[in-house]
Amino acid sequence: MTTSLIDRYVFTVLRRVPEGQRSDIERELRTSIEDAVDARVDGGQDRAAAVKQTLLELGDPDRLADGYADRPRYLIGPVFYPAWQRLMVVLLATVLPIVVAVMVVIRILEDATVGEVIGSAVGTALTAGAHMVFWVTLTFAVLERTGVTRGELRGRAWTLDDLPRYEPGFLTPAQLAASLGWVVLVIAVIILQQFAFTEVPVLDPANWSFWWPYLIGVLILEGVYAVWLFRRGAWSRTVAVVNAVLAAMVAIPVTWLAVNERFFNPEWIATLDWGGTDPLAWLTGITICVAVGGALYDVVDVAVRAERARRGLRTPVPGTGREFSAPLS
Amino acid sequence: MTMDATLSGHLQELRRGTVVVASLTVLREAGYGYSLLETLSAAGFEVEANTLYPLLRRLETQGLLTSEWNTEEARPRKFYRTTEQGDAIAAALRDEWARLDKAIGDLDHPAGTDPRSEQ
């Protein structure tokens with residue numbers, strides 16, 4: 001009866017111990033338990049009670065096994081937790097809404113009912129969200145267990161240069177990466193829509209003779225501008241003017257093409273059936289609004305920042321409740 | 001958190017690591033798991049079997065202890081002994097312990113305020 005209690009305890013420990021160490025750990029653990037039981041019996045205790053007491057003191061067998069196996073009792077430890085948490089927030093608060101919004105637009109273009117749109121929005125949010133959480137967590141758990149340190153992950157140790165500048169003129173490395181990523185994404189969409197996504201290209205293929213290569217060229221200039229701004233590290237009138245010129249170089253041709261019905265591929269427009277409404281008129285309107293509105297917002301935003309920096313006005317540092325006042329230059 | 005829980009948390013933090021020094025010091029003479037547990041608790045170390053047994057194996061993998069099965073007696077036991085390297089590390093740890101003890105004493109009674117003169 002009592003031996004079976006020890007057996008049950010020992011077997012439970014062995015289940016979670018590496019196979020190569022099992023027999024040695026079993027022998028040692030059994031003698032240690034017997035030694036402790038004998039000591040209690042010598043002290044006048046009943047043997048059955050001594051066994052129970054000894055095993056109770058040894059405690060949770062899974063915990064003991066983890067001690068023997070020397071494995072962490074957590075999924076993601078303190079070294080990786082901050083990076084995991086930041087990535088999780090970005091993915092769930094920024095990327096997931098974008099994915100859901102794109103899905104909703106696609107479903108609306110596919111002429112879905114309101115119920116279907118809501119259904120696929122909820123479905124996408126749950127599926128994409130679960131994928132994001134799962135794969136990111138799995139990656140970090142693997143990193144945790146393969147003994148990669150934070151320094152190796154970054155390629156070098158943390159230095160003072162890693163501190164954000166917080167001055168309004170400075171792009172953070174993350175903002176630079178976002179700007180460049182946006183440029184690459186838009187260029188990829190322009191090129192890929194010709195070959196993928198839909199059976200016929202969305203944008204008018206006739207413009208490959210000039211306007212689409214031109215737009216790709218301007219987008220590359222936007223990337224160069226972001227790198228220049230990142231290195232320059234200060235807003236100024238020059239920056240505001242360059243930014244405005246670049247914005248106009250995108251917005252004016254796009255608007256002109258849309259107005260002249262040369263933006264979308266007529267063949268693709270012909271495949272759309274939106275009931276009573278005219279798809280071309282709507283899409284043209286939306287395109288002009290996005291092009292003009294986006295450009296105006298960008299121009300005004302940068303001009304205001306440049307003017308504030310020029311006057312040395314105090315600028316709030318996001319997320320701190322503090323203000324930074326730029327030195328007059 | 002109650003005062004007791006706070007205290008026991010800090011005590012645990014403070015005691016972490018002392019079992020290693022104590023074990024390496026005691027095992028300069030070979031001993032087995034349960035005997036070491038008895039010696040340590042008699043010496044006033046609050047150590048639990050479920051931390052000590054895995055710790056011995058860990059110190060062995062680090063090369064600070066060697067082990068040998070003694071099958072001459074009725075109950076075969078695994079005897080551990082501190083290696084030369086383990087002894088060197090234990091000495092360094094004891095030095096550090098003494099240094100910390102002195103440093104804390106100095107903080108508690110800054111130079112010039114001899115605790116004996118206050119009584």
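Convention: sequence-line order gives letters A, B, ...; per-chain numbering from 1.
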Checklist entry - Contact part of A:Ile25 toward chain B, heavy-atom cut-off under 4.5 Å: side chain, backbone, both or neither? => result both

Item to check | Distance in Å, B:Leu36 CG paired with A:Ser32 OG, rounded so as to fall on 0.5 Å steps | outcome: 10.5 Å

Next on the checklist: If you count every heavy atom of other residues, nucleotides or ligands that lies below 6.0 Å from B:Glu48 atom CD, does the total exceed 12?
Outcome noted: no

Next on the checklist: Rounded at 0.5 Å granularity, tell me how far CD in B:Glu60 sits from CG in A:Asp24.
Outcome noted: 7.5 Å

Checklist entry - Near A:Arg63 CZ, under 6.0 Å, is it more than 12 heavy atoms from other residues, nucleotides or ligands? => result no

Next on the checklist: Please classify the contact of A:Arg27 with chain B as side chain, backbone, both or neither, using a heavy-atom distance under 4.5 Å.
Outcome noted: both

Item to check | Distance, nearest 0.5 Å, that separates CH2 of B:Trp69 from OG1 of A:Thr31 | outcome: 5.0 Å

Checklist outcome for this item: Output for pair (B:Glu38 CD, A:Asp35 CG), nearest 0.5 Å, gives 9.0 Å

Item to check | Among B:Lys78, B:Arg58, B:Arg75, residue most engaged with chain A (heavy-atom pairs, under 4.5 Å) | outcome: B:Arg75

Next on the checklist: Restricting to non-hydrogen atoms, name the atom on A:Ala39 and the atom on B:Tyr34 that form the minimum distance, rounded to 0.1 Å.
Outcome noted: CB-OH, 3.0 Å

Next on the checklist: Can you give me the closest heavy-atom contact between B:Asn50 and A:Leu58, atom names plus distance?
Outcome noted: ND2-O, 2.8 Å

Item to check | Atom group of A:Glu28 that falls short of 4.5 Å from chain B, counting heavy atoms | outcome: both

Next on the checklist: A quick test of your reading: do over 12 heavy atoms of other residues, nucleotides or ligands sit less than 6.0 Å from CD of B:Glu68?
Outcome noted: no

Next on the checklist: What's the separation between atom CG in B:Leu37 and atom CD in A:Glu57, rounded to the nearest 0.5 Å?
Outcome noted: 8.5 Å

